[in-house]
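Remarks on the structure that follows.
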There are 2 protein chains.
Amino acid sequence: MLLVKRIVRHTKYMAKTSTKKLPPGRLKIVRALKTLLGKKDFNSITTAEIAKTAGVTEGLIYKYFNDKRDLLFKVLLELFEQFLLQMEKDLKGVEGSLNKLRSIIQSTLFWYDQQRVFTRILLVEVRNSPDFFKSEAYQQCVRDYSKIIMDIIHEGIGLDEIRKDIKPSVIRQVIQGSVEHVCLPAIIFNREIAVEPATEDLCRTIFFGIKQ
Amino acid sequence: MLLVKRIVRHTKYMAKTSTKKLPPGRLKIVRALKTLLGKKDFNSITTAEIAKTAGVTEGLIYKYFNDKRDLLFKVLLELFEQFLLQMEKDLKGVEGSLNKLRSIIQSTLFWYDQQRVFTRILLVEVRNSPDFFKSEAYQQCVRDYSKIIMDIIHEGIGLDEIRKDIKPSVIRQVIQGSVEHVCLPAIIFNREIAVEPATEDLCRTIFFGIKQ
DNA sequence: TTTATTAAGTAAGTGTTACTCACTCTTTCC
DNA sequence: GGAAAGAGTGAGTAACACTTACTTAATAAA
């Protein structure tokens, strides 16, 4: 059952990205933006620059993407799928709801630290796009990520490992918000994330509280 | 001593906004952007629109502001000063570090819920501006807000009300991150924030942890 | 009161940039 | 072989942020 679920998941995430035979121009465009995002922020990257880096004409971008932002969403989607795969892999075999949450926190911190381009897109670049929340990247990946956490919380409540007197959605928001807020300054000021100690501090706070 | 500090703060926050005699055109521009931000997001507001709403010419914007973003930062600065004043007022007379943190959380949730324009600027619009972090609004207000929280945490640790084995900065990030993440969907999807229950849930989580 | 100086505000640009459209070349497949 | 669909081009455009040279109004010194 679990195995089946994983295979379903796997094909689900891989479908859009690598399996389907996509036109080479499209791949080149996506790769070009990824490269450029390593050097400068999205707003200061021009479509002309993307085209030049990709070795195609500007017009081609608009054959495959609705607009510049849409291209960004697609890049995010691709990177997000990889992240979710890794996270679920890390999660495998972990027992107990709190340990599972710890695993997710650690995986996320690690991934955010390693995949700076991905993290900057997710935490800073797409935030102010109202239509990001209608995009595949959001509807598919972000929600999936949230759902994984929610399921663990509900499981934890059912097994009496997590208190019942807090709204599960707020617990989820505390976890996600804390993680993001720990990573944000690191991403913006290009500092590294101390994954292990940050995981420890976050879990200690979220699991046991700050009260002496 | 405390009184002196408050007076200093007060004049500090008011200095930029209301006290100084600013040219009417400047005020009209700031007011115009505030109005427009109530209706649409920053990126889809044009400088021409701002000028027209303000009843001045486009060029005047660039007499008083470096660029369109800088104008946004100034608007945020103004609104942030008001927020800090209110927050400190709410905090007055509250005893105990945890109660103080609760007060801050509640004030923030309330203000975020009421001042949608302010909150949208702060949580979504300025995030992807690399130079926001060099702006007055950040260097003065955001840091001030963080510092207030940090001081309370340190006080709490000193008085044995808050555990010593978590990095104070992480505690601060958990608080700020949680609050922001609770408010973000409400701001984006224009839902109202249930201030009291959210405050309760957040405090319960952060103070006592989610572990049963 | 005159004159010099600074500040407030204007009007007409300009360069850049995201995006479009009509077209060609290439592949696929009956 | 030919048609239909897909991949890719390149010239062009409208919109937009921002500039610059200028005018008008207020301030202050002589």
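Quick note on labels: first sequence line is chain A, next is B, and so on, each numbered from 1. Scope of the values below: all heavy atoms of this structure, side chains included, with no hydrogens, waters or symmetry mates.
- At least one donor-acceptor pair under 3.5 Å links the side chain of A:Lys68 to the backbone N or O of A:Ile45.
- In the model, B:Arg172 has a side-chain atom that pairs as donor or acceptor with a side-chain atom of B:Gln176 under 3.5 Å.
- A:Ser107 places no side-chain N or O within 3.5 Å of a backbone atom of A:Met87 that could act as its donor or acceptor partner.
- Applying the ring-ring contact (aromatic ring centres under 6.0 Å, His included) rule to pairs touching residues 31-79 of chain B yields B:Phe73-B:Phe132, sequence neighbours excluded.
- Side-chain atoms of A:Ser103 do not come within 3.5 Å of backbone N or O of A:Asn99 as any donor-acceptor pair.
- Under the 3.5 Å distance criterion, with hydrogens and angles disregarded, no donor-acceptor pair is assigned to the side chains of A:Gln106 and A:Thr199.
- Within 4.0 Å of A:Tyr64, counting heavy atoms only, lie sugar-phosphate atoms of the nucleic acid but no base atom.
- The footprint of chain A on DNA chain D, defined by a heavy-atom cutoff below 4.0 Å, extends from D:dA7 to D:dG10.
- Defined by atom type and a distance below 3.5 Å, a donor-acceptor pair is missing between the side-chain atoms of A:Asp144 and A:Gln140.
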Base-contact (B) and sugar-phosphate-only (S) positions in nucleotides 11-27 of chain C, heavy-atom cut-off under 4.0 Å, - elsewhere
B-----SBBB-------
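- Between B:Val174 and A:Ser178 the shortest heavy-atom distance is CG1-OG, 3.4 Å.
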